[in-house]
Amino acid sequence: RTALDALTHREREVLELMARGLSNTQIAEHLVLSAGAVSKHVANIFTKLGLPAGEENRRVRAVLAYLTVQQDGADGRHPGTGVAAVDMSG
């Protein structure tokens, strides 16, 4: 199991769009949600991934956690990027 398993379907959708580089405003437009709803989903994602307020680069770390689960590479790096996978288990 990964930390992402705790996310709701909607939170996973939001995180996927974050990984695609969309801003909260763009995510709201894409999913036909209010900006407040997207902000709440993002806050829930951060909480469930153990990224409390004040944590540096929370959005980037959440996206890296998502990409780590999506990767096919067995060497612990994101394919084509050379970026090391981030262990979000604590």
Side-chain angles (χ1 to χ4, degrees):
R1 281 187 68 110
T2 70
L4 298 181
D5 292 334
L7 301 180
T8 66
H9 177 73
R10 181 62 87 184
E11 290 164 352
R12 283 179 170 266
E13 286 180 310
V14 169
L15 183 54
E16 180 180 346
L17 294 173
M18 288 168 57
R20 292 183 185 180
L22 275 65
S23 68
N24 284 7
T25 300
Q26 292 169 321
I27 292 169
E29 291 170 1
H30 184 81
L31 296 177
V32 191
L33 298 172
S34 70
V38 172
S39 292
K40 183 66 174 170
H41 289 308
V42 170
N44 288 342
I45 291 166
F46 292 156
T47 299
K48 290 178 180 181
L49 295 182
L51 301 169
E55 180 82 24
E56 283 191 44
N57 303 312
R58 288 192 306 168
R59 194 173 186 100
V60 171
R61 292 188 64 202
V63 167
L64 285 174
Y66 172 79
L67 292 174
T68 298
V69 172
Q70 300 303 314
Q71 79 176 357
D72 293 328
D75 66 351
R77 296 191 173 274
H78 300 294
T81 66
V83 176
V86 176
D87 179 8
M88 300 298 292
S89 63

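Predicted, not measured: the structure shown is a model, and the values here were computed from it.
- A distance of 12.5 Å separates CG in Leu15 from NE2 in His41, rounded to the nearest 0.5 Å.
- Distance check, rounded to the nearest 0.5 Å: CG of Leu33 to CD of Glu13 gives 8.5 Å.
- For Gln26, the side chain to side chain contact (heavy atoms under 4.5 Å, CB included) partners at least two apart in sequence or on another chain are Leu22, Ser23.
- In this structure, Leu67 and Ala19 approach most closely via the heavy-atom pair CD2-CB, 4.5 Å.
- Taking all atoms of both residues into account, the shortest heavy-atom contact from Glu55 to Arg58 is O-CG, 3.2 Å.
- Between Arg10 and Asn44, the closest side-chain pair of non-hydrogen atoms is not below 4.5 Å.
- The two residues Leu4 and Tyr66 have their closest heavy-atom pair at CD1-CA, 3.6 Å.
- Taking 4.5 Å as the limit, every side-chain heavy atom of Arg61 sits out of range of all side-chain heavy atoms of Leu49.
- Of the inter-residue distances, the one linking Glu11 atom CD with Glu16 atom CD reads 14.0 Å to the nearest 0.5 angstrom.
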- prompt: Given the rule in the salt bridge (Lys or Arg N to Asp or Glu O under 4.0 Å) test, do Asp5 and Lys48 qualify, once you have shown the distances and angles that lead to the verdict?
  reply: CA-CA 9 Å; Asp5 292 334; Lys48 290 178 180 181; over 6 Å; no
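- Counting heavy atoms from C-beta on, the side chains of Leu31 and Val38 never come closer than 4.5 Å.
- Ala35 meets the side chain to side chain contact (heavy atoms under 4.5 Å, CB included) test with no other residue; sequence neighbours excluded.
- Under the 4.5 Å side-chain criterion, counting only non-hydrogen atoms from C-beta, Arg12 is not in contact with Ile45.
- In this structure, the side chains of Val14 and Leu7 stay at 4.5 Å or more apart for every pair of heavy atoms.
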